[in-house]
Amino acid sequence: MSPAKTPPEILDIDGQEVRVTSPDRVVFPEPGLTKLDLVRYYLSVADGALRGAGGRPMVLKRFSKGLDQEPFFQKRVPENHPAFIDTATLRYASGTSAEETVIRDAAGLAWVVNLGCLDLNPHPVRAEDLDHPDELRVDLDPMPGVDWSQIVDVAFIARDVLADHGLTGWPKTSGSRGLHILVRIRPEWEYADVRLAAETLAREVENRAPGLATARWWKEERGESVFVDFNQNAKDRTVASAYSIRALPDARVSTPLTWDEVRDRRPEEFTVLTVPERFRAIGDPHAGIDDSAGSLDALLALATELGPAEKPPRGSDGSGRRASTMPLIEVARTKTKPEALDALEAWKTRHPRASAALHPADVMVDGMRGSSSLWYRVRVNLQHIPDAERPAQEELIADYDPWAGRTAS
């Protein structure tokens, strides 16, 4: 006989009733955190979490099948949402639109966590003005082989570039390996201008720190550097906001820092178990972020000075697709990351001499956004293997099609 299902927990949050289903279900086995524990975590840091995500339309990233399964991305707000959940209708370049969730209070935080959301993924706009971002996002994404000290060095260079152009950067751990720097801006520019400003910032950071940082969009061209990911400012992109729980075994949290902390603290220090006490002790290091909105004029002037970014060459097959400057082979396309890693190991077993010559950044296992969830692509850059010893492109070890069985709507 299966055990009786745990009855829901009804929480009164500032006069709003929130129903938490399966409150005793363990979400993070390693620290033993239940669903109700995660709700209580967000309530304990609600002021900071709402500063990052409140009042913004968000994509719901739902881990409804557990931590070890791929999340489901839901743009549209659930039909039976409570009255305290606001909405905003976003229109995308593809011509589609979605009425998305907007939370404005602690009850909203608890409600989205009950849906199976771990991290909060808001757009960089307010619900009251969906066409003009008020936040530029700097995502410092380290390539394999890059250590924390290099990420920190790049972060301080990015801070200096921002300051030189009249802007203030607010750092936080990404909750994984990298750092985010948030920049409040006046909502006077459209998405294309914000993305151009972010790309210009990335190019200037690379100019000041060649070899340490890169603005190259194509992953195989970055080497062992920190990618200043400007494309997180595209209209359809979201990033995990401040105080978001990340789907790592230790329940790590994307945590705001002061600049004095950036060099000495480490991402693994900040978890669901440690951040509430930090919040009680020092408050939110980003408490002043909304008072720091600046102008993009100086960065956009620098964009004109630098000229257009270099574009990759196009292939000669008539497809119009870019031609990589690197000797790439594709190994697999899979539904899950474990399957991708298994396929990579199978390839390495087939080609032991080649795999021994690879550098960390030569192996690329990328999560690719499908229609509602991630799928994974495995590629290998053979640049460090002598021409005569490079394995040829073979039939894919796995060839998952994320669009199979779907029809255009």
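These numbers were taken from a predicted model, which means no experiment stands behind them.
With Tyr376 as the partner, the side-chain contact (heavy atoms from CB on, under 4.5 Å) test is satisfied by one option alone out of Glu339, Glu70, Lys335: Glu70.
Across every non-hydrogen atom of Asn121 and Ala240, the tightest pair is OD1-N, 3.7 Å. Taking both residues in full, the closest heavy atoms of Pro144 and Glu224 are given as O-CG, 3.6 Å, listed atom of the first, atom of the second, then distance. Shortest non-hydrogen contact noted between Ser241 and Ala53 is OG-CB, 3.6 Å. Here the shortest heavy-atom pairing between Ile157 and Ala209 reads CD1-CB, 3.4 Å.
The backbone N or O of Val253 lies less than 3.5 Å from a partner atom in the side chain of Thr255, making a donor-acceptor pair. Under the 3.5 Å distance criterion, the side-chain polar atoms of Asn114 are matched with a main-chain donor or acceptor of Thr21. Thr349 places a side-chain N or O within donor-acceptor distance of the main-chain N or O of Glu345, the cut-off being under 3.5 Å. Under the 3.5 Å distance criterion, the side-chain polar atoms of Arg76 are matched with a main-chain donor or acceptor of Ser97. A donor-acceptor contact shorter than 3.5 Å links the side chain of Thr274 to the backbone of Glu269. Counting only distance, with no hydrogens or angles, the side chain of Asn233 and the backbone of Arg137 share a donor-acceptor pair below 3.5 Å. Using a distance-only test at 3.5 Å, with no hydrogens or angles considered, no donor-acceptor pair links the side chain of Arg252 to the main chain of Thr271. No side-chain donor-acceptor contact under 3.5 Å links Ser225 to the backbone of Gly211. Under the 3.5 Å distance criterion, the side-chain polar atoms of Thr34 are matched with a main-chain donor or acceptor of Asp37. Lys235 places a side-chain N or O within 3.5 Å of a backbone atom of Arg91 that can act as its donor or acceptor partner.
Within a 6.0 Å sphere centred on CZ of Arg266, other residues, nucleotides and ligands contribute more than 12 heavy atoms. Annotation for Arg186: atom CZ counts as buried by contact number, over 12 foreign heavy atoms lying within 6.0 Å. Other residues, nucleotides and ligands contribute at most 12 non-hydrogen atoms within 6.0 Å of the CD atom of Glu190.
A salt bridge links Asp134 with Arg126; the closest basic N to acidic carboxylate O contact falls under 4.0 Å. A salt bridge links Arg278 to Glu261: at least one charged side-chain nitrogen sits closer than 4.0 Å to a carboxylate oxygen.
Side chains of Thr258 and Asp260: a donor-acceptor N/O pair is absent below 3.5 angstrom, by distance only. For the residue pair Glu99 / Thr87, a side-chain donor-acceptor distance below 3.5 Å is found, with atom types taken as modelled. For the residue pair Tyr243 / Asp284, a side-chain donor-acceptor distance below 3.5 Å is found, with atom types taken as modelled. A donor-acceptor contact closer than 3.5 angstrom links the side chains of Arg62 and Gln74. In the model, Asp153 has no side-chain atom that pairs as donor or acceptor with a side-chain atom of Gln150 under 3.5 Å.
Among residues at least two apart or in separate chains, ring-ring contact (aromatic ring centres under 6.0 Å, His included) pairs with a member in residues 110-161 are Phe156-Trp259. Screening residues 326-364 for ring-ring contact (aromatic ring centres under 6.0 Å, His included), with sequence neighbours left out, gives Trp347-His351, His359-His384. Applying the salt bridge (charged side-chain N to carboxylate O under 4.0 Å, His left out) rule to pairs touching residues 159-184 yields Glu135-Arg184, Asp164-Arg208, Arg184-Asp290, sequence neighbours excluded. Residue pairs meeting the side chain to side chain donor-acceptor pair (under 3.5 Å) criterion with at least one member in residues 77-86, sequence neighbours excluded, are Asp86-Arg104. The ring-ring contact (aromatic ring centres under 6.0 Å, His included) contacts involving residues 159-180 comprise Trp170-His286, where partners must be two or more places apart or lie in separate chains.
Contact annotation: the side chain of Pro142 never approaches that of Phe227 to less than 4.5 Å [non-hydrogen atoms, C-beta and beyond]. Residues Val113 and Leu109 form no side-chain contact, since every pair of their non-hydrogen atoms from C-beta on lies 4.5 Å or further apart. In this structure, Leu120 and Tyr42 have side chains that are in contact, with non-hydrogen atoms separated by less than 4.5 Å. The side-chain heavy atoms of Pro327 and Gln383, taken from C-beta on, include a pair separated by under 4.5 Å. Inter-residue side-chain proximity for Phe230 and Leu201 is flagged as unmet; no heavy-atom pair is nearer than 4.5 Å. The side-chain heavy atoms of Leu396 and Glu330, taken from C-beta on, include a pair separated by under 4.5 Å. Between Asn207 and Leu306, some side-chain heavy-atom pair lies under the 4.5 Å cut-off.
Expressed to the nearest 0.5 Å, how far CG of Leu38 lies from CG of Leu43 amounts to 11.0 Å. Ser355 OG to Asp362 CG: the interatomic distance, rounded to the nearest 0.5 Å, is 11.5 Å.
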**Asked** What's the verdict on side-chain contact (heavy atoms from CB on, under 4.5 Å) for Thr168 and Val183, showing C-alpha distance, side-chain angles and the deciding distance?
**Response** CA-CA 6 Å; Thr168 302; Val183 185; over 6 Å; no

**CA sep, side-chain torsions, deciding dist, call: Arg350, Glu394, salt bridge (charged side-chain N to carboxylate O under 4.0 Å, His left out)** = CA-CA 11 Å; Arg350 288 183 189 175; Glu394 302 168 331; 3.1 Å; yes

**Message:** Using the rule given for side-chain contact (heavy atoms from CB on, under 4.5 Å), can you reason through Met58 versus Leu60, listing the C-alpha separation, both sets of side-chain angles and the distance that settles it, and then say yes or no?
**Reply:** CA-CA 6 Å; Met58 65 167 59; Leu60 301 176; 4.0 Å; yes

**Residues Val228, Val138; criterion side-chain contact (heavy atoms from CB on, under 4.5 Å); working and verdict** = CA-CA 7 Å; Val228 186; Val138 183; 4.0 Å; yes

**Message:** I'd like to know whether Lys61 forms a side-chain contact (heavy atoms from CB on, under 4.5 Å) with Leu118, so could you lay out the CA-CA distance, the side-chain angles of the two residues, the decisive distance to 0.1 Å, and finally the verdict.
**Reply:** CA-CA 7 Å; Lys61 184 179 175 184; Leu118 299 180; over 6 Å; no

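Take Phe84 and apply the ring pair (Phe, Tyr, Trp, His ring centres under 6.0 Å) test, not counting sequence neighbours, and it matches no residue.
Cation-pi geometry between Lys35 and Phe28 is not satisfied (NZ or CZ under 6.0 Å from the ring centre, within 45° of the ring normal).
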